[in-house]
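Encoded as structure tokens, the structure appears first; notes follow it.
Chain letters run A, B, ... following the sequence lines, proteins first, then strands; residues in each count from 1.
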There are 2 protein chains.
Amino acid sequence: MNVSDMIPASEQAAELMRALSHPQRLLVLCALGAEEKSVAQLREELGIEQVPMSQQLMRLRADGLVAARREGTSVFYRIARPEVLDVVEALHGAFCGKAKA
Amino acid sequence: MNVSDMIPASEQAAELMRALSHPQRLLVLCALGAEEKSVAQLREELGIEQVPMSQQLMRLRADGLVAARREGTSVFYRIARPEVLDVVEALHGAFCGKAKA
DNA sequence: CTGAAACATTCATAGTATTGAATTTAGATT
DNA sequence: AATCTAAATTCAATACTATGAATGTTTCAG
């Protein structure tokens, strides 16, 4: 890992960290890791109320980390930048024991 | 990677993301990855002024991510929680090409 | 003790983020 | 059209973060 490589990237990388710096957003990305899910599914799985959930999803969408697809009255979200999962997995390893998968 | 594992850890993990959500802090951790360094060394390597550097180091120390050791008038910092480096490396991979080391 | 070097701290201000409450839009159903 | 459900938006209050300017502390040299 090279520091001088990181210097020009540090601004963008820090932005990503800011996007991940909320428990609910982190959990959403974690839950979307494997497969796309509807807002309702995410709410049930994570126990998050409607308004906050929508707010966090909007933020993640604005930051380009997730993408949405509508199907009837439901909206399905999916990860838009897979490399984000590497970071989430590193966190999982750090906080939930070292299993990498 | 398991979502229910992450639910109780999400608060702590988000805190870590907040700690990393500043370009200078990110670079400091990156630069301390391999070895401990003095404040002066860090300043020179990263091109950061005295006060901001001290402020970021204080913040990282308050968050428990680095530890300090004094030697004469110099203070040397080192990574206090190695698992942080996994996250930094994931970032490096995401933003600087896929090399993991 | 005095001064210089290396770090740390304080303070004020401006910018961002979080949260809850209320409201609104979009699509489906009757 | 009326209405129900799912999701999105707005708004206001509060709290957090970043930044620069000024100042304080610790250690060593003389």
Any donor-acceptor pair under 3.5 Å linking the side chain of [X] with the backbone of [Y]?
X	Y	value
B:R43	B:I48	yes
A:R61	A:D63	no
A:K37	A:Y77	no

When you check the phosphate oxygens OP1 and OP2 of [N], does a side-chain N or O of [X] lie under 4.0 Å from one of them?
X	N	result
A:R70	D:dA6	no
B:S74	C:dC7	yes
B:Y77	C:dA8	yes
B:R59	D:dA18	yes
B:S54	C:dC7	no

Nearest-angstrom distance from the residue atom [atom1] of [X] to [atom2] of [N]:
X	N	atom1	atom2	result
B:L60	D:dT17	CG	P	13 Å
B:M58	D:dT25	CE	C1'	12 Å
B:L26	D:dA18	CG	P	12 Å
B:I48	C:dA8	CD1	P	13 Å
A:L42	D:dA6	CG	P	14 Å
A:K37	D:dA7	NZ	P	14 Å
B:Q41	C:dA6	CD	C1'	13 Å
A:M17	C:dA17	CE	P	15 Å

Choose from [options] the nucleotide whose nearest atom is closest to any side-chain atom of [X].
X	options	value
A:R18	C:dT19, C:dA17, C:dT10	C:dA17
B:A40	C:dC7, C:dT18, D:dT19	C:dC7
A:Q56	D:dT9, C:dT19, D:dA7	C:dT19
B:L57	C:dA8, D:dG20, D:dC11	C:dA8
A:T73	D:dA18, C:dA28, D:dA8	C:dA28

(message) By the 4.0 Å heavy-atom rule, please label B:F76 as base, sugar-phosphate, or nothing.
(response)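 Answer is nothing: B:F76 stays at 4.0 Å or more from every strand.
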
(message) Categorize B:R25 for me: base, sugar-phosphate, or nothing, with a 4.0 angstrom heavy-atom threshold over every strand shown.
(response)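 B:R25: backbone/sugar contact only, no base atoms under 4.0 Å.
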
(request) Determine whether more than 12 heavy atoms belonging to other residues, nucleotides or ligands lie under 6.0 Å from atom CD of B:Q12. (result)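 No, because the 6.0 Å sphere around CD of B:Q12 holds 12 heavy atoms or fewer from other groups.
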
(message) Would you say A:V3 ends up clustered with B:F76 if hydrophobic residues are merged whenever their side chains have heavy atoms under 4.5 Å apart, either directly or through other cluster members?
(response) no

(request) Please figure out whether A:Q55 or A:S38 has its closest DNA chain D nucleotide nearer the 5' end. (result) A:S38

(message) One thing to verify: whether B:E71 and B:R69 come together as a salt bridge, which I'm taking to mean a side-chain N less than 4.0 angstrom from a carboxylate O.
(response)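 Yes, B:R69 and B:E71 are salt-bridged.
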
Donor-acceptor pair under 3.5 Å: do we get one between [X]'s side chain and the base of [N]?
X	N	answer
B:E49	D:dG20	no
B:Q50	C:dA8	yes
A:E71	C:dG27	no

(message) Return whichever of A:H22 or A:G72 has its heavy-atom-nearest nucleotide of DNA chain C closer to the 5' end.
(response) A:H22

